[in-house]
Each structure stands twice: as C-alpha cells, then as structure tokens.
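Take a look at the structure below.
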Amino acid sequence: MEGIINVNKPSGITSFDVIRVLRKVLKEKKIGHTGTLDPLAEGVLVVCLGRATRLVQDIEGYSKVYVAGFELGYRTDTYDIEGKTVESSDKKSATKEELEEVLKCFIGDIKQIPPMYSALKVDGQKLYDLARKGIEIEREARDIHIDFIEILDFDGVKGKIRCGVSKGTYIRSLIDDMGRELGTFATMNSLVRERVGDSKIEDAFSLENIEKLYNEGKLDFLQSVEEFFSYPDIEIDSGKNLTLFLNGNTIRQQADNGRYRVYCEGKFLGLANVNNNLLKGYKYF
C-alpha cells in the first residue's frame, strides 16, 4: 500500500497511537506522520504509507492553520491544561482591544522559544525527558512566521483564536507569550489543526471511517502521491533524458522555475525542481 491519508486525529491519543492503529488496520508497517499533534490536540494529521514516507519531510514544511482555546490568569509547566499550574496572576482578564493590540505584535517573522515539554532534542536528549525530571535548560529562540491571527471568541478571560503559522511554531508557546504581553498568564485549553498545506479538516477521515472503508475493500481515504502534489506536469522523452533523470542527473527542460510532477509516456516517475530551464528530480517513484 502506498499513498497519503488525511487523518482526523481525535483528542486524547498521541500521533504515534494513530500510526499504531493504522499499521494494525491496514497491515502496513511503513507508515509515518508529518508533524506531531499533542494528545490534547485534534484535527489534520497527514500520514504517509509505503514509498510515500519519503515525502514526510516535504509535507512537514507546509504552513498550518490552527484554532486554539485559551484561558487567562495562570500558566502551567506544559503551557496547556494537561500540565500543573506553576504561576498565577492577580490580573485574570483583559479587554478585547488589549488582546487585539497584543496579537498584532506576533504577525510576520518572529522568534519563538520552544517549550520544555516538546520533542526537540538538545545534546541528544529530548526536552520533555529533561522537563519530567524537573530540569529546565536554556533554549535557543527559533525563527518562525505567523501569517495571521484572528479572534474567534473572547469574553475577557477565555477565548479562541485562529492562526496560520509556519513549520516549527508551537501554539502553546504563542499563547504563553501572548499572556505575558497582556501582563498576565495564558494557558491553552484546546487545539484543532484545521489545515496542513491544502489538506483540510473537512476532508479528513476518522480512524473508524478508515477501518470501515478498508474492511469494505474501499481505499477512498488514500491519495496517490501524484494526486496529493498538485504541481504542473512535465513529460520527458523515453530516450537519453529518461536515463539521465532516473540516475539523478540534471536535464534540459524548457519550463518556468518551480516544482513539477514528471511523466514519461504517461507513467508517473516522481517530483522535480526546474531552475533556469534545468530539471532535476528530488523524489522518485
């Protein structure tokens, strides 16, 4: 089995739990997800099967859209409601106008310090392993980009925001930083990933639905690589250029700069970059 699945991950399980279930249901060992969602979080988890696992890093780099709930007045060690409260503030509310002004500060290219409770590694150790031992170390701020933040709901204490962000953005950290800028603390109490690239939550399949369809002999949930990557098509000839392409060499190809799906005599071969009329494959199928 080979392809890509847009899974609607439920809250309460880990991203690896999703992989474990799919391996059992689909009887496929080679499966990988393209961006961890915490157990609290739900929504789009793009999963690659078979040879499509080569594309995990490509999809990890896609921009994402989240809806996050939060509450003002306290913070936890994990920055969400699954952690233990470590600080509280006398200021437990803010006006919508204050919130709007603070959120403007986070739009664009910014630096963000990742939370201790994360899977990032420092000197070979995962941060959350250190955090569970009560050890906190200095983390280097990372460059991220936030496309937009909109307030969906806010009553002065609790609220929800929708935000579009780059790879590497921690929404928990964004909310923690937001609380500090408001002169209080803020803790995330819910998170839904609505989109990864072009994969939307309204098109995602639940684990139950995937199992039901598979048992019925249907693979409606599975997208092929060429379907998932909606790049323009390029046809190469079956002679010298085909040999060069399959051997990882650059070939001359009159085309605009960008990424393409490559075909020969109608057969999908893989994905390629074109730069200055030179085509070179980067993933082969």
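The first residue in the sequence is number 1, and the count goes up from there.
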Should Asp17 and Lys9 count as an ion pair when the cut-off is N to O under 4.0 Å?
-> no
Reported CG-to-CZ distance for the pair Asp203 and Arg195, which is rounded to 0.5 angstrom | 9.0 Å
Would you sort out whether Val46 and Ile5 count as a side chain to side chain contact (heavy atoms under 4.5 Å, CB included), showing the intermediate values?
-> CA-CA 6 Å; Val46 179; Ile5 308 174; over 6 Å; no
Should the pair Phe268 and Phe285 be assigned to parallel (<30°), tilted (30 to 60°) or perpendicular (>60°) ring geometry?
-> parallel
Check whether any side-chain heavy atom of Asp58 sits under 4.5 Å from a side-chain heavy atom of Lys283, and report yes or no.
-> yes
Hphob cluster co-occupancy, Tyr231 + Phe245, side-chain heavy atoms under 4.5 angstrom = no
Scanning both residues in full, the closest heavy-atom pair of Asn189 with Leu40 reads O-CD1, 4.0 Å
Find out if a path of hydrophobic residues (ILVMFWY) with successive side-chain heavy-atom gaps under 4.5 Å connects Val165 to Leu152.
-> no
Verify side-chain hydrogen bond (donor to acceptor under 3.5 Å, both in side chains) between Ser173 and Asp176, making sure each step is shown before the conclusion.
-> CA-CA 5 Å; Ser173 292; Asp176 182 69; over 6 Å; no
Do the non-hydrogen side-chain atoms of Gln223 and Asn6 ever get within less than 4.5 Å of each other?
-> no
Would you say Ser190's side chain and Gly69's backbone share a donor-acceptor pair under 3.5 angstrom?
-> yes
Nearest heavy-atom approach of Val102 to Leu182 is CG2-CD2, 3.7 Å
May I ask you to test the Leu278-Arg252 pair for a side-chain heavy-atom distance under 4.5 Å?
-> yes
No-hydrogen, no-angle side-chain donor-acceptor test under 3.5 Å, Arg193 and Tyr66 = yes
Does a side-chain heavy-atom distance below 4.5 Å link Lys92 with Phe185?
-> no
Counting distance only, does the side-chain N/O of Arg261 pair as donor-acceptor with the main-chain N or O of Val225 below 3.5 Å?
-> no
Verify same cluster id: Ile19, Val56 (apolar side-chain graph, 4.5 Å) | no
Would you find a donor on one side and an acceptor on the other, under 3.5 Å apart, between the side chain of Glu227 and the backbone of Ser224?
-> yes
Do the rings of Tyr62 and Phe228 sit parallel, tilted or perpendicular, given the 30° and 60° boundaries?
-> parallel
Of all heavy-atom pairs between Thr169 and His145, which one has the smallest distance, and what is that distance?
-> OG1-O, 4.2 Å
So, Ser15 side chain and Leu37 main chain: donor-acceptor pair closer than 3.5 Å or not?
-> yes
Does any N or O in the side chain of Asp155 come within less than 3.5 Å of the main-chain N or O of Lys158, such that one atom is a donor and the other an acceptor?
-> yes
Report the C-alpha separation of Lys218 and Glu216 in whole Å, then their side-chain angles, then the decisive distance to 0.1 Å, and conclude whether the salt bridge (Lys or Arg N to Asp or Glu O under 4.0 Å) test is met.
-> CA-CA 6 Å; Lys218 300 173 183 176; Glu216 292 172 353; 3.5 Å; yes
I would like to know whether Ile161 and Glu150 meet side chain to side chain contact (heavy atoms under 4.5 Å, CB included); could you show each step before the answer?
-> CA-CA 6 Å; Ile161 55 173; Glu150 56 181 329; over 6 Å; no
Pair Tyr263, Glu226: side-chain N/O donor-acceptor within cut-off below 3.5 Å | yes
Smallest separation among heavy atoms of Ser11 and Glu42, with atom names | N-CB, 3.7 Å
Give a yes or no on whether Asp233 atom CG has more than 12 heavy-atom contacts from other residues, nucleotides or ligands under 6.0 Å away.
-> yes
Note: Thr53 and Cys48 closest approach over all heavy atoms is CG2-O, 3.4 Å
With a 4.0 Å cut-off, would you call Glu194 and Lys200 a salt bridge?
-> no
Quick one: pull up CG in Asp80 and CD1 in Ile171 and give me the separation to the nearest 0.5 Å.
-> 12.5 Å
Of all heavy-atom pairs between Ile175 and Ala68, which one has the smallest distance, and what is that distance?
-> CD1-CB, 3.8 Å
Does the cation-pi check pass for Arg51 over Tyr284, that is, NZ or CZ under 6.0 Å from the six-membered ring centre and within 45° of its axis?
-> no
Any donor and acceptor pair, going by atom type alone, linking the side chain of Asn8 with main-chain N or O of Val44 inside 3.5 Å?
-> no
Do Thr78 and Pro115 come close enough that some side-chain heavy atom pair is under 4.5 Å?
-> no
Please test Tyr260 against Asn273 for side chain to side chain contact (heavy atoms under 4.5 Å, CB included), starting from the C-alpha separation and ending with a verdict.
-> CA-CA 6 Å; Tyr260 291 84; Asn273 285 311; over 6 Å; no
Would you please test Leu222 and Ile210 for side chain to side chain contact (heavy atoms under 4.5 Å, CB included) and show each step?
-> CA-CA 9 Å; Leu222 188 66; Ile210 291 169; over 6 Å; no
Interatomic spacing from CG in Leu22 to NZ in Lys27 - rounded to 0.5 Å | 12.0 Å
Dump the intermediate steps for salt bridge (Lys or Arg N to Asp or Glu O under 4.0 Å) on Asp153 and Lys160, then the final yes or no.
-> CA-CA 5 Å; Asp153 182 42; Lys160 278 190 178 181; over 6 Å; no
Contact check, side chains of Gln57 and Glu60, non-hydrogen atoms, under 4.5 Å | yes
Spacing of OG belonging to Ser230 relative to CZ belonging to Arg259, to within rounding of 0.5 Å | 12.5 Å
Within the side chain of Lys280, is there an N or O that forms a donor-acceptor pair under 3.5 Å with the backbone of Ile251?
-> no
Hydrophobic cluster membership, Leu219 vs Leu207, 4.5 Å side-chain cutoff = yes
Return yes when atom CD of Gln254 has more than 12 non-hydrogen atoms of other residues, nucleotides or ligands closer than 6.0 Å, and no otherwise.
-> no
Backbone of Lys30 reached by a side-chain donor or acceptor of Glu28 within 3.5 Å | yes
Is any side-chain heavy atom of Val262 closer than 4.5 Å to a side-chain heavy atom of Ile236?
-> yes
Among the clusters formed by ILVMFWY side chains lying less than 4.5 Å apart, do Tyr214 and Leu49 turn up in the same one?
-> yes
Start with the C-alpha distance between Tyr79 and Tyr170, add both sets of side-chain angles, then the distance that settles ring pair (Phe, Tyr, Trp, His ring centres under 6.0 Å), and finish with yes or no.
-> CA-CA 10 Å; Tyr79 300 170; Tyr170 285 88; 9.3 Å; no
Is the count of non-hydrogen atoms from other residues, nucleotides or ligands lying under 6.0 Å from Asp90 atom CG greater than 12?
-> no
Point-to-point distance, once rounded to the nearest 0.5 Å, from CD of Glu87 to OG1 of Thr187 | 10.0 Å
Counting distance only, does the side-chain N/O of Asn215 pair as donor-acceptor with the main-chain N or O of Glu211 below 3.5 Å?
-> yes
For the residue pair Val47 and Ile31, establish whether any side-chain heavy-atom pair is separated by less than 4.5 Å.
-> yes
Value for CZ (Arg75) from OG (Ser88), rounded to nearest 0.5 Å, stands at 11.5 Å
Examine distances only and state if a side-chain atom of Asn247 and a backbone atom of Asn249 form a donor-acceptor pair shorter than 3.5 Å.
-> no
